[in-house]
Amino acid sequence: MVIKILMALFILFLLALSYNLWYHSDKKFLIYSPDENSTLKSAMRITSVILVVISIVGVIILLVGSEKANFITLLLGSLTAAIFSIYLANINR
């Protein structure tokens, strides 16, 4: 039961991150301006869509799958966020 609650919180976190990336794709994001960098804007929107898809898959796994299957959501969500973070760290300002 505790794992299901924690996974639900993780899925909510992924959705909040997705919303934040999509919302700021037309505004200033941290120290970057996506309007000046179309690649950053595309990366933000693509990452946002991927996070929503992972969240949907996570909800399905949470409702139907076993506790061990929740690892898929954790792995995909974490890797997606990490890859975007690495991309953001290597961007030329």
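Predicted model, so just to flag it, every value in this text is computed and none were measured.
Connectivity analysis of hydrophobic side chains (ILVMFWY, heavy atoms under 4.5 Å, direct or indirect) links L75 to F71, L79.
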Donor-acceptor list for residues 45-56 side chains, cut-off 3.5 Å, not counting sequence neighbours:
{"unit_1": "R45", "atom_1": "NE", "unit_2": "S25", "atom_2": "OG", "d": "2.9"}
{"unit_1": "R45", "atom_1": "NH2", "unit_2": "S25", "atom_2": "OG", "d": "3.3"}
{"unit_1": "R45", "atom_1": "NH2", "unit_2": "D26", "atom_2": "OD1", "d": "3.2"}
{"unit_1": "R45", "atom_1": "NH2", "unit_2": "D26", "atom_2": "OD2", "d": "3.2"}
{"unit_1": "T47", "atom_1": "OG1", "unit_2": "A43", "atom_2": "O", "d": "2.7"}
{"unit_1": "S48", "atom_1": "OG", "unit_2": "S18", "atom_2": "O", "d": "2.8"}
{"unit_1": "S48", "atom_1": "OG", "unit_2": "S18", "atom_2": "OG", "d": "2.8"}
{"unit_1": "S55", "atom_1": "OG", "unit_2": "L51", "atom_2": "O", "d": "2.8"}

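A salt bridge (Lys or Arg N to Asp or Glu O under 4.0 Å) check over residues 58-85, counting only residues at least two apart or in different chains, returns nothing.
Contacts of L74 classified as side chain to side chain contact (heavy atoms under 4.5 Å, CB included), with partners at least two apart in sequence or in another chain: M7, F10. For A16, there are no side chain to side chain contact (heavy atoms under 4.5 Å, CB included) partners at least two apart in sequence or on another chain. Legend: residues meeting ring-ring contact (aromatic ring centres under 6.0 Å, His included) with Y23, ordered by chain and number and at least two apart, are Y19.
One distance of note links CE of M44 with CG of L88; it measures 8.0 Å at 0.5 Å rounding.
A continuous path of ILVMFWY side-chain contacts below 4.5 Å connects I3 to V64, so both sit in one hydrophobic cluster. I72 and L15 fall within the same hydrophobic cluster, where Ile, Leu, Val, Met, Phe, Trp and Tyr residues are linked whenever their side-chain heavy atoms come under 4.5 Å apart, directly or through other members. A continuous path of ILVMFWY side-chain contacts below 4.5 Å connects Y87 to L76, so both sit in one hydrophobic cluster. Under the 4.5 Å side-chain heavy-atom criterion for ILVMFWY residues, a single connected hydrophobic cluster contains both L63 and I61.
Scanning all heavy atoms of the two residues, the minimum distance from L17 to A81 falls at CD2-CB, 4.2 Å.
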